[in-house]
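Each remark here refers to the structure printed beneath this line.
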Amino acid sequence: MRHRVHTFKVGRTGAHRRAMLANMVSSLIEHGQITTSLVKAREARRVAEKMVTLGKKGDLHHRRLAISTLRKADMVAKLFAEIAPAYEGRQGGYTSIIKLGKRRGDACEMCILKFVP
């Protein structure tokens, strides 16, 4: 039985999925919002929320955990210095997804993933 088992594969290997999500979250941190498919945005949201939570804790151990996930030290520095302190009093829900409709080429559901102001 598959009760409460979460899978996100989208036709990629595990290393490709991890790299894709790390790049998406790094772009989200850098630009504040990204446009992507709904399936990818929902998975990137999970990673982004975890990274903000690590940033709120703010010590060296959590910084190293964030670097191991995102693989970009400058984006982790921005996360810990600018983004995480803005959500200090918030218990979760740091991102929002705004649906845009279907993409013309393949009718994939598109959306904008951005940080909540």
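Side-chain atoms are counted along with the backbone in the values below, which use heavy atoms only and exclude waters and symmetry mates. One-based numbering along the sequence shown. This is a predicted model, so every value here is computed, not measured.
- Phe8 is connected to Val47 through a chain of hydrophobic side-chain contacts under 4.5 Å among Ile, Leu, Val, Met, Phe, Trp and Tyr, so both are in one cluster.
- Looking only at side-chain heavy atoms (C-beta outward), Tyr94 and Ile83 stay at 4.5 Å or farther from each other.
- Listed by chain and number, the residues in a side-chain contact (heavy atoms from CB on, under 4.5 Å) with Thr7 are Arg2, Val5 (sequence neighbours excluded).
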Only distances under 3.5 Å count here; give the side-chain donor-acceptor pairs of residues 33-44 to other protein atoms, sequence neighbours excluded, each with its distance to 0.1 Å.
| residue | atom | partner | partner atom | Å |
| --- | --- | --- | --- | --- |
| Ser37 | OG | Lys40 | N | 3.4 |
| Glu43 | OE1 | His6 | NE2 | 2.8 |
| Glu43 | OE2 | Arg46 | NH1 | 3.2 |

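- Residues Pro85 and Ala81 come closest through the heavy atom pair CG-O, 3.5 Å.
- Among residues at least two apart or in separate chains, there is no salt bridge (charged side-chain N to carboxylate O under 4.0 Å, His left out) pair with a member in residues 53-75.
- Residues Val10 and Met20 approach most closely at CG2-CE, 4.4 Å, considering heavy atoms.
- A side-chain hydrogen bond (donor to acceptor under 3.5 Å, both in side chains) check over residues 10-24, counting only residues at least two apart or in different chains, returns nothing.
- Of all heavy-atom pairs between Leu28 and Ala48, the closest is CD2-CB, 3.8 Å.
- Under the 3.5 Å distance criterion, the side-chain polar atoms of Lys78 are matched with a main-chain donor or acceptor of Glu30.
- Residues in residues 82-110 take part in these salt bridge (charged side-chain N to carboxylate O under 4.0 Å, His left out) pairs, two or more places apart or across chains: Lys102-Glu109, Arg103-Asp106.
- The side-chain heavy atoms of Met51 and Leu54, taken from C-beta on, include a pair separated by under 4.5 Å.
- The structure places CD1 of Ile67 at 12.0 Å from CE of Met75, a figure rounded to the nearest 0.5 Å.
- Thr95 meets the side-chain hydrogen bond (donor to acceptor under 3.5 Å, both in side chains) test with Arg45, Glu49; sequence neighbours excluded.
- By the criterion of side-chain heavy atoms lying less than 4.5 angstrom apart, applied directly or through intervening Ile, Leu, Val, Met, Phe, Trp or Tyr residues, Leu113 is not grouped with Ile98; the two fall into different hydrophobic clusters.
- Between Thr69 and Val25 there is no side-chain heavy-atom pair separated by less than 4.5 Å.
- Annotation: the span from Ile29 atom CD1 to Phe115 atom CZ amounts to 5.5 Å, rounded to 0.5 Å.
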>> Could you walk me through whether Thr53 and Lys50 satisfy the side chain to side chain contact (heavy atoms under 4.5 Å, CB included) test, starting with their C-alpha distance in whole Å, then the side-chain angles of each, then the deciding distance to 0.1 Å, before giving a yes or no?
In response: CA-CA 5 Å; Thr53 302; Lys50 289 177 185 177; 5.5 Å; no

